[in-house]
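All ligand and atom numbering here is 1-based and tracks the order in the structure.
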Amino acid sequence: MTDQPTLRLYGFWRSMATYRVRVALALKGLEAEEIALDLLAGDQFDPGFLALNPEGAVPALVVDGQPALTQSMAILEYLEERFREPPLLPADLRARARVRSLSALVVADTHPLIVPRVRAYLAKAGLDAAAVNAWSAHWIGRGLTALETRLAADPATGAFCHGEMVTFADLCLASLAVPARTLGVELSPYPTVARITAACEDMDAFAKAHPLRQLGAPAQAH
Ligand SMILES: N[C@@H](CCC(=O)N[C@@H](CS)C(=O)NCC(=O)O)C(=O)O
């Protein structure tokens with residue numbers, strides 16, 4: 001039986017980091033109340049939210065009224081250790097390192113380059129909207145290329161990033177497909193990434209957690 005704590009998730013409909021956490025909560029059968037911030041309107045700089053997360057970024061997860069947990073990967077690790085079923089990390093030590101490495105490729109090396117604060121800084125430095133989008137598309141393309149090369153070449157890849165189980169790496173990979181689509185970066189040149197993204201999006205937990213299904217998302221899928 002799941003010991004369901006009181007969970008409040010501060011997020012933004014389009015946020016890829018919030019999407020990762022929403023999927024993990026859904027897979028583990030946990031209900032969370034989501035508090036929607038509008039990052040484009042600057043809600044992350046509201047003093048009330050900064051008191052919760054001085055970094056001014058979502059997601060932030062408040063568990064049973066305790067100080068907020070922040071950083072999507074730290075939140076995933078917390079959920080994984082507290083709620084073991086279903087596991088989102090493989091049992092084997094090397095396999096866990098592989099899954100965490102694939103995850104970091106997205107979360108640590110790609111995502112930070114395309115967040116609103118970086119895009120806003122580039123705009124302030126004089127880049128027009130097209131140049132800012134080209135910047136984001138470039139880094140997304142680099143991330144997708146590295147993921148594709150690694151996944152396609154490795155026999156450990158299966159229906160999902162690691163064999164037949166959904167792991168942190170799939171949550172991260174699927175989250176990268178969101179800005180890729182928004183910016184018109186095709187997934188077809190990355191067939192393994194496209195195949196795994198489709199397998200994830202076929203699952204209820206991903207479908208319900210998807211940015212385009214959240215409050216504030218545009219009515220038309222894009
Ligand atoms: N590494 C962090 C990234 C957090 C982050 O930057 N989130 C974005 C939304 S996906 C955000 O809140 N950005 C606010 C901003 O850039 O001003 C994580 O994985 O949680």
Tell me whether M165 is reachable from F160 by hopping between hydrophobic residues (I, L, V, M, F, W, Y) whose side-chain heavy atoms are closer than 4.5 Å.
no
Ligand 1 to V115, heavy atom cutoff 4.0 Å, flagged ligand atoms 6 (O), 16 (O)
Note to self: Under 4.0 Å between a side-chain nitrogen and a carboxylate oxygen: does that hold for R142 and D109?
What the structure shows: no
**Asked** Taking distance alone, with no angle check, do H111 and ligand 1 share an N/O pair under 3.5 Å?
**Response** no
Backbone N/O of A97 and side chain of S101: donor-acceptor pair under 3.5 Å: no
Here the atoms of ligand 1 under 4.0 Å from any heavy atom belonging to P59 are 20 (O)
Open item on the list: Under a 4.0 Å threshold between the charged nitrogen and the carboxylate oxygen, would R22 count as salt-bridged to E34?
Closed with: yes
For atom 10 (S) of ligand 1, the closest protein heavy atom turns out to be S15 OG, 3.1 Å
Report yes if some N/O of V58 lies less than 3.5 Å from some N/O of ligand 1; otherwise report no. yes
For Q44, the atoms of ligand 1 under 4.0 Å from one of its heavy atoms are 14 (C), 15 (C), 17 (O)
Salt-bridge criterion met for E186 and R181 (N-O under 4.0 Å) = no
Check E148 with R195, please: is the shortest side-chain N to carboxylate O separation under 4.0 Å? no
request  = Would you check whether Q71 has a nitrogen or oxygen atom less than 3.5 angstrom from a nitrogen or oxygen atom of ligand 1?
outcome  = yes
Fill in: L173 and L151, any side-chain heavy atoms less than 4.5 Å apart
yes
message = Quick one, I140 and L144 - any side-chain contact, counting heavy atoms below 4.5 Å?
response = yes
When distances are taken from atom 6 (O) of ligand 1, the protein heavy atom at minimum range is R117 NH1, 2.9 Å
The protein heavy atom nearest to atom 11 (C) of ligand 1 is L39 CD1, 3.6 Å
Looking only at protein heavy atoms, what sits closest to atom 20 (O) of ligand 1 is S72 N, 2.7 Å
For M16, the atoms of ligand 1 under 4.0 Å from one of its heavy atoms are 10 (S)
Honestly, for R20 the part within reach of ligand 1 (heavy atoms, under 4.0 Å) is side chain
In this structure, would L40 and V58 fall into the same cluster of hydrophobic residues linked by side-chain contacts under 4.5 Å? yes
Here the atoms of ligand 1 under 4.0 Å from any heavy atom belonging to G56 are 14 (C)
